[in-house]
Structure formats: C-alpha cells, structure tokens
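Below is one structure, written out as structure tokens; the observations come after it.
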Amino acid sequence: MKFIDGRLLKQMLISSANNLYNNYPSIDALNVFPVPDGDTGMNMNLTLQSGVKEIANRNEEDASSIASAFSKGLLMGARGNSGVITSQIFRGFASAIKGKEKLTPVDVANAFYNGSKTAYKAVMRPVEGTILTVIRESSDVVVNTIDDNHSIEDVFKLLLKEARNSLKRTPELLPILKEAGVVDSGGAGLIKIIEGLYSPIIGKFINKDEDISNEVNKDKDVDQNNFIYKVNFILRVGTSDAKKPFTDSIYERSLKRFGNNIQINKRDNALIEVEIDTLNPGAVLTYSQMFGEFANIRIVNNNEKFLLEKAEDNTPLEQFGIVSVCAGNGIEDLFKSFGVNQIVSGGQTMNPSIEDIIKAIKSCHAKNVFVLPNNSNIIMAATQAADVIEGINVLVVPTKTIPQGMSACQAFNPDLDSSSNYEEMKKAIKLVKSGSVTYAIKDTVIDGVEVKKDQFMGIEGKAIKVCVDDKFEALYSLISSMVNDESYLNTVLTGEDISEKQCSQLEEKLQNDYPEIDIAVSRGNQPVYSFLVGVE
C-alpha cells in the first residue's frame with residue numbers, strides 16, 4: 001500500500017479507539033501505586049472516544065480533514081495526563097499533514113515524529129520511561145528509516161515493533177516501575193492505539209467487544225454519538241424485585257453502551273445517583289431497573305439546554321471567578337463557602353475532560369478566572385483548557401490536593417489584582433502538608449513499604465507512611481507523622497464510608513490528642529478516600 005486517504009484513515013482511527021476500549025481494564029491494572037484509581041486506560045479510552053465522536057459521520061476523502069476533526073475531538077475530550085498527552089500526539093500528527101489529501105509512507109513517518117515533538121512541548125517536566133519515551137523512541141527510528149521505497153505497511157510494522165521494544169525498556173528508566181514489576185501504563189495504551197491503527201491496513205479492522213455498531217462500514221441517518229438527552233436518576237439497588245446483583249464496575253462499564261458523560265455517585269450502600277447523556281433514555285432506564293427501583297428520575301433535552309446556554313448574556317462581567325475540581329457533596333459545599341463559583345465534578349478516580357473545565361470557566365462569566373485542579377493528574381488538562389479559551393484571563397493554580405485547593409481559596413483577596421492573587425495562592429499551597437487514607441487494591445512493595453490488599457494506607461504526598469488493617473489506626477499514625485511543633489491547623493475531611501457518630505468521635509479524640517492545634521473535622525463525603533488530611 002502506497003498511501004492512506006481519508007476513508008482509510010477514518011477506519012484506522014476508529015479501529016485504534018476500539019482496540020483501546022477492548023483493553024483499557026488491563027491498562028488500568030498496570031497502575032503502580034496500589035490505590036483504587038488506576039485510570040490511565042480509562043482516561044485514554046474516553047479521550048479517543050471523543051475523537052471518534054467527531055469523525056463518525058464524516059466521509060471526507062482527504063486525510064487532513066479527518067485527522068484535524070479527530071484531533072479536535074481528542075483535545076476537548078482529553079482527560080488526565082495520559083489523555084492530554086495522547087491528544088497532543090495526534091495534534092502534532094494532524095498539524096504535520098495539514099492540507100494533504102493522501103498520506104505517503106514518508107508523510108506518516110513525519111507525522112508521528114511531529115506528534116512526539118508536540119507532546120513533549122505540552123509537558124512542563126517530561127518524565128522518561130513513560131508514554132512520551134515510547135512515542136519518541138519509536139517515531140525517531142521510523143522517521144530515520146522510512147523513505148519513498150517503503151510501503152504504509154512498512155511504516156506501521158516498524159513503528160509497532162519499536163514501540164513494543166521501547167515499552168519493555170520503561171522499567172529501566174523509571175525505578176518505581178521496576179520495583180513494581182510492570183511497564184508504563186500510558187506506553188502500554190499507546191501500543192494498543194498503534195495496533196488498532198495498523199489492523200485496517202492489513203484488512204483486520206477491530207470492532208468493540210460489546211455489541212455496539214461502528215460507523216465505519218455504513219452510513220446512518222441518526223448520529224449515534226449525538227446524545228441529546230441528559231438522564232438523571234436515583235436508584236435503590238439490591239431491592240427484593242431486583243433481577244441482577246449490583247456491581248459498581250460492571251454497571252458503569254455497561255452504561256457506556258448507551259451514552260457518555262457518565263457520573264455515578266453513591267449516596268449510601270443502597271442508593272446511587274446516576275447521570276448520563278444518551279440518545280435512548282428508555283434503554284438506560286430499562287437496563288438500570290434490573291438492579292433495583294427508582295427513587296427519582298429526571299430527563300432533560302440537551303439541545304434545548306444548549307440553546308439556553310448560547311443565549312446572549314448581557315450582564316456585566318465579574319472581575320474574578322474561581323473554578324474548583326472536586327468530588328463529594330461535603331467538599332463541594334466547603335469550596336462554595338470559600339467563594340468558589342463553579343464546581344467541576346471529578347478527582348482522583350474520575351478526571352474531568354478539558355471541555356468540562358472550559359464550560360466551568362465560561363460559566364463564571366468573569367474577566368479573570370482561577371482554576372484549582374486539586375489533583376496532579378488534572379493540572380495538565382486545566383492548563384490546556386486555559387490555552388484554548390480566548391477573551392478570559394485564566395490562571396491555573398497548581399493545586400495537587402483538596403487541602404491545597406482550600407488553602408488557595410482562603411488566600412484569595414478580591415482587593416488584589418489577578419497577578420498578585422495568583423502569587424499569593426501559590427504561596428499558600430506550599431504551606432500545606434497533604435495526606436490521605438484509602439485501601440490497597442493489591443499486594444506490592446513501594447519504596448520499601450510492604451502493602452497488603454484491602455489494608456488501609458496512610459499516604460503523605462506520594463509516600464506511603466503506614467499500611468494497617470484499620471482505617472482509623474492508619475489516620476492517627478499518618479497525622480502523627482505530619483504534625484510537628486510548628487503546626488497550627490489540622491483539617492480532616494471524612495469520606496462517604498464514615499458515619500456522623502464516627503466523625504464526632506474522631507474530632508473529640510484529635511482535640512484531646514493535639515490540644516495546641518486547631519482541629520477541623522468536616523464531612524467531605526468523598527468516594528474512595530476515607531480521610532483527606534491537611535496540616536498547616
């Protein structure tokens with residue numbers, strides 16, 4: 001094969017997204033840190049699905065148009081560092097082939113090389129032994145090998161071979177990978193993408209494992225990706241008339257057959273709140289009803305909502321606005337009490353997309369907007385959102401934790417200008433020690449600390465300080481290691497698994513244990529983490 005046109009490129013891109021979709025759980029499982037947030041595969045999967053949404057009904061013959069549309073979809077849907085880096089690879093790819101109707105082997109080689117360069121530029125401090133290394137090493141070999149005498153098959157065969165070899169070397173570049181006995185998860189995801197791109201070239205288009213129709217082989221009058229209804233409901237699971245036992249992971253994965261922008265929040269052991277954008281609300285409700293009974297149902301037509309959102313707003317712009325990313329209604333309420341204007345739902349296990357952050361920034365209706373990512377895996381997406389928006393001065397405060405975000409909010413002063421506020425907020429986050437308590441998802445050894453599955457870990461920053469059977473014991477040990485003679489405030493946010501009674505008992509104990517320190521225990525109701533701790 002001597003060239004790739006738009007139709008073939010479309011098949012290749014959708015095949016790559018399908019292959020990643022089929023394998024993202026195994027990518028998630030490569031997560032080194034033993035916390036229940038291995039979301040690299042999911043982030044890359046959702047990012048690529050956003051790209052597919054942009055090209056599913058396009059039938060351009062020229063490769064440039066397809067690549068550009070796919071890149072745009074990836075950029076808006078990018079989630080987490082792995083998703084943003086993936087979007088940047090394809091952004092560089094699309095830029096390199098701009099205006100080209102057909103791609104020669106040399107064009108493809110140059111495009112991947114440019115994708116690597118673009119991805120590196122997007123990362124402030126590139127780390128080797130990651131997806132960046134895999135795309136750089138493989139594209140370097142390809143661009144220096146491929147010439148006009150080679151075929152398209154030669155390009156991808158070589159790219160895939162070199163990428164696999166590079167992935168095998170990642171543990172030698174990142175000691176933490178070697179200690180855990182795994183390769184880099186982002187690099188592994190990239191391999192699945194390249195495999196999917198290569199398959200249609202050799203006549204083996206990859207379909208999704210689940211029974212979801214693809215848009216490659218047939219045209220449709222209705223865009224299956226145009227999910228025009230937002231369905232929100234509260235479901236009481238495990239009732240006597242339930243036809244199926246409820247399992248979080250299986251239920252969430254199955255919902256992806258019906259739509260996107262899925263959010264599932266547990267209210268307690270029996271009640272879950274679900275939100276999903278879908279083309280067929282009836283199918284969602286029928287499927288969900290097999291797990292229990294509805295306590296509340298609400299359906300909104302997104303098209304009508306979109307028209308309302310687009311209506312011209314002539315009210316004067318505010319001087320400042322603040323956007324915060326967080327999960328848990330208690331934490332949301334705390335941020336709002338600190339003056340946050342818009343909440344983006346998400347965090348450690350559910351990274352928001354760039355588009356989610358952009359919408360929140362615009363909803364502030366302000367000249368200057370501060371964004372608090374509150375998670376190291378969201379900072380890059382927030383930065384990309386800031387770069388995309390025009391007409392608003394967006395400042396991303398690099399908060400990596402919820403306690404840092406709260407300190408940044410409290411440092412904000414409406415009487416200062418945006419630059420001064422930005423500097424003061426950055427200073428504030430440096431004064432906070434952040435910790436957390438959550439359960440381990442596997443047996444492992446991290447930095448010499450032995451971790452057993454289902455035990456509770458006390459974590460400060462990225463360091464596991466303690467791993468024991470009891471979550472409260474983990475908390476007390478963690479706080480003891482974080483507090484010193486200069487500490488004056490200890491904030492604890494309790495998760496959704498902590499009762500009101502336990503919360504009161506905890507506050508009383510901490511006040512007795514640390515009489516010289518101000519103790520603030522609040523219900524955060526965050527998922528996954530039993531406790532979030534801030535010490536100042």
Side-chain angles (χ1 to χ4, degrees), residues 13-52 74 77-87 89 129-135 138 156 159-171 173-174 176-199 204-212 214 247-257 260 262 348-351 377 439-444 446 451 453-454 528:
L13 294 171
I14 297 178
S15 176
S16 70
N18 289 348
N19 196 42
L20 185 60
Y21 174 88
N22 294 342
N23 291 279
Y24 78 80
S26 64
I27 305 300
D28 284 342
L30 291 173
N31 185 36
V32 173
F33 217 59
V35 295
D37 65 350
D39 50 10
T40 298
M42 174 60 79
N43 282 339
M44 294 178 73
N45 166 51
L46 293 176
T47 300
L48 260 69
Q49 296 302 322
S50 295
V52 168
L74 292 187
R79 299 168 187 266
N81 294 340
S82 57
V84 173
I85 291 172
T86 302
S87 74
I89 291 172
T130 65
I131 182 176
L132 289 170
T133 305
V134 176
I135 187 60
S138 57
F156 283 92
L159 182 69
L160 186 54
K161 174 187 174 183
E162 294 301 326
R164 286 170 173 166
N165 289 337
S166 179
L167 181 65
K168 290 178 183 178
R169 294 191 292 267
T170 55
L173 298 173
L174 270 183
I176 194 170
L177 295 177
K178 190 171 186 177
E179 184 180 23
V182 297
V183 294
D184 177 65
S185 55
L190 181 63
I191 299 296
K192 295 304 175 184
I193 292 172
I194 297 173
E195 288 175 351
L197 290 170
Y198 185 31
S199 293
K204 297 180 180 179
F205 176 85
I206 297 175
N207 289 292
K208 284 185 177 179
D209 282 347
E210 295 184 14
D211 185 23
I212 303 175
N214 67 76
T247 304
D248 295 18
S249 57
I250 295 176
Y251 178 71
E252 182 173 1
R253 183 171 182 179
S254 297
L255 276 190
K256 292 182 177 65
R257 293 180 295 168
N260 64 8
I262 299 168
Q348 193 72 1
T349 58
M350 185 179 63
N351 298 154
N377 205 35
Y439 60 93
I441 60 171
K442 61 182 178 181
D443 294 347
T444 188
I446 298 289
V451 176
K453 185 177 183 294
D454 296 327
V528 179

Indicate the atoms forming the closest heavy-atom contact of [X] with [Y], along with that distance.
{"X": "Tyr24", "Y": "Tyr21", "result": "CD2-O, 3.0 Å"}
{"X": "Leu177", "Y": "Thr170", "result": "CD1-O, 3.7 Å"}
{"X": "Ala163", "Y": "Val134", "result": "O-CG1, 3.7 Å"}
{"X": "Ile14", "Y": "Phe205", "result": "CG2-CZ, 4.1 Å"}
{"X": "Asn18", "Y": "Lys208", "result": "OD1-CG, 3.3 Å"}
{"X": "Gly41", "Y": "Asp28", "result": "N-OD1, 2.7 Å"}

Please list, chain by chain and in numerical order, all residues satisfying side chain to side chain donor-acceptor pair (under 3.5 Å) with [X], sequence neighbours excluded.
{"X": "Thr133", "result": "Glu128"}
{"X": "Tyr251", "result": "Ser288"}
{"X": "Ser185", "result": "Thr40"}
{"X": "Ser138", "result": "none"}

Atom [atom1] of [X] and atom [atom2] of [Y]: how far apart are they, to the nearest 0.5 Å?
{"X": "Asn207", "Y": "Ser15", "atom1": "CG", "atom2": "OG", "answer": "8.0 Å"}
{"X": "Phe156", "Y": "Ile194", "atom1": "CZ", "atom2": "CD1", "answer": "8.5 Å"}
{"X": "Leu132", "Y": "Leu173", "atom1": "CG", "atom2": "CG", "answer": "12.0 Å"}
{"X": "Leu159", "Y": "Ser166", "atom1": "CG", "atom2": "OG", "answer": "10.5 Å"}
{"X": "Asn45", "Y": "Gln49", "atom1": "CG", "atom2": "CD", "answer": "5.0 Å"}
{"X": "Leu20", "Y": "Met44", "atom1": "CG", "atom2": "CE", "answer": "5.5 Å"}

A side-chain contact here means heavy atoms from C-beta on lying under 4.5 Å apart; do [X] and [Y] qualify?
{"X": "Ile191", "Y": "Arg164", "result": "yes"}
{"X": "Val451", "Y": "Asp443", "result": "no"}
{"X": "Asn19", "Y": "Ile193", "result": "no"}

Set of salt bridge (charged side-chain N to carboxylate O under 4.0 Å, His left out) partners for Lys178, sequence neighbours left out: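 Lys178: salt bridge (charged side-chain N to carboxylate O under 4.0 Å, His left out) contacts with Glu172.
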Intermediate values then yes/no, side-chain contact (heavy atoms from CB on, under 4.5 Å), Leu48 and Ser16: CA-CA 8 Å; Leu48 260 69; Ser16 70; 4.0 Å; yes
Identified side-chain contact (heavy atoms from CB on, under 4.5 Å) counterpart of Thr86 within the set Ile135, Asn81, Ile131, Leu190: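 Answer after filtering Ile135, Asn81, Ile131, Leu190: Ile131.
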Pairs where residues 183-193 contributes a residue and the test salt bridge (Lys or Arg N to Asp or Glu O under 4.0 Å) is met, not counting sequence neighbours: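 Pairs touching residues 183-193 that pass the test: Lys192-Glu195.
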Distance-only side-chain donor-acceptor flag, Asn351 / Asn43, under 3.5 Å: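 Yes - a donor-acceptor pair under 3.5 Å links their side chains.
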